[in-house]
Amino acid sequence: MKQLIASGLLLATFAAAAQTDLPAVKVTAPYSSIHAGYLISGDFRVDPRMPSVVYPAQALVKDDILSIEPVHLQDNEYLVLQECASADCHEASIVRYWNSDHIGGDDTRRNRVWITHENKYFLWLKRLPEVSGQSCGQGWFKSDATTTKCGSHFTTFQQISPPLMLIPTGELAAYHQDVLKQAVLTDPEPVISQTHEGSTYVVTYEGGSTVRVRRMHAAQDGGQEDQASKGSPKS
């Protein structure tokens, strides 16, 4: 894996240089609504210099709740939320990822990310080779205890890496390291359309996968709250 990281230095330099300097923190934003005591905003954008990167127009701050709802992901797609892990963003840390097996469904907690500190966060979609657990010894029957179970998706990744790089780790990655070396260095999927549905930002990637994104923050003025909508914030 060290070789993969070294090969990605050029990509890391480009990604860091293109990272947009976000303006001063201001929770109130366009495409906003008040619901259940929360200010809900869909003010996200795609950086035109990096057409695969979705980022909040205003920096996320402590106690924001980021709602990320993948509507559909292909079997070989991984939706990744990263944050800068160094001042110049030459390194980034994985906050959360989603694949077609774990897109949340009715479990809205899976789709919500509690922001514990202000930072630069960005969302992107990556395709990795489709794999089968059978290639590392997994049998046809899950009940067969004599074979190694690797699954059909990569589920562990290097925590710190250059931005826009997703580096699988673990047994399944070890069995597919040759194809992964090239795949890790390929660009993320570009965004082909973006729109706002009220206070929800909806982005569609090449290939058709769609993701709905919202930012929630406790409203400062409870008097603005719609009394008819009190309760837990909807996802």
Which pair of non-hydrogen atoms, one from [X] and one from [Y], has the smallest distance, and what is that distance?
| X | Y | result |
| --- | --- | --- |
| A85 | S93 | CB-N, 4.0 Å |
| K62 | T116 | CG-O, 3.5 Å |
| P129 | A183 | CD-CB, 3.6 Å |
| S52 | W124 | O-CB, 3.7 Å |

Side chains of [X] and [Y]: does their closest heavy-atom pair fall under 4.5 Å?
| X | Y | result |
| --- | --- | --- |
| N111 | P70 | yes |
| L128 | P168 | yes |
| V46 | V53 | no |
| L164 | M50 | yes |

Quick check on the hydrophobic clustering: are L185 and I167 connected, directly or via other members, by side-chain heavy-atom contacts under 4.5 Å?
yes
Sequence neighbours excluded, which residues qualify as side-chain hydrogen bond (donor to acceptor under 3.5 Å, both in side chains) partners of [X]?
| X | value |
| --- | --- |
| E206 | none |
| Q194 | Y201 |
| E189 | none |
| D75 | S100 |

Say whether W114 and D63, considering side chains only, have a donor N or O and an acceptor N or O under 3.5 Å apart.
yes
| Just checking, is any N or O donor in the side chain of D88 or S86 under 3.5 Å from an acceptor N or O on the other one? | yes
From [X] [atom1] over to [Y] [atom2], what is the distance, rounded to the nearest 0.5 angstrom?
| X | Y | atom1 | atom2 | result |
| --- | --- | --- | --- | --- |
| D43 | R215 | CG | CZ | 8.5 Å |
| Y205 | L79 | OH | CG | 5.5 Å |
| M165 | E91 | CE | CD | 12.0 Å |
| N99 | H153 | CG | NE2 | 4.5 Å |
| E77 | H72 | CD | NE2 | 7.0 Å |
| M216 | L39 | CE | CG | 11.0 Å |

Sorted by chain and number, sequence neighbours left out, side chain to side chain contact (heavy atoms under 4.5 Å, CB included) with T200 holds for V202, R212, R214
Contacts of T156 meeting side chain to side chain contact (heavy atoms under 4.5 Å, CB included) (sequence neighbours excluded), chain-then-number -> T169
Checking the side chain of [X] only, and the main-chain atoms of [Y] only, is there a donor and an acceptor separated by less than 3.5 Å?
| X | Y | value |
| --- | --- | --- |
| Q158 | L166 | no |
| R127 | D187 | no |
| K126 | N76 | no |
| H90 | P162 | no |

Verdict with reasoning, L81 to Y121, per side-chain contact (heavy atoms from CB on, under 4.5 Å):
CA-CA 7 Å; L81 177 66; Y121 296 81; 4.3 Å; yes
So salt bridge (Lys or Arg N to Asp or Glu O under 4.0 Å) across residues 151-168, not counting sequence neighbours, yields none
Residues passing the salt bridge (charged side-chain N to carboxylate O under 4.0 Å, His left out) test with E83, sequence neighbours excluded, are none
>> One pair to check against side-chain contact (heavy atoms from CB on, under 4.5 Å): F44 and L66. What are the steps and the verdict?
In response: CA-CA 11 Å; F44 294 82; L66 195 58; 3.5 Å; yes
key: Verdict with reasoning, V211 to I68, per side-chain contact (heavy atoms from CB on, under 4.5 Å)   = CA-CA 7 Å; V211 181; I68 300 174; 3.8 Å; yes
Original post:
Can T204 and V191 be said to form a side-chain contact (heavy atoms from CB on, under 4.5 Å), step by step?
Top reply: CA-CA 6 Å; T204 301; V191 171; over 6 Å; no
Hits for ring pair (Phe, Tyr, Trp, His ring centres under 6.0 Å) against F157, two or more places apart or cross-chain, chain-then-number order -> Y78, Y97
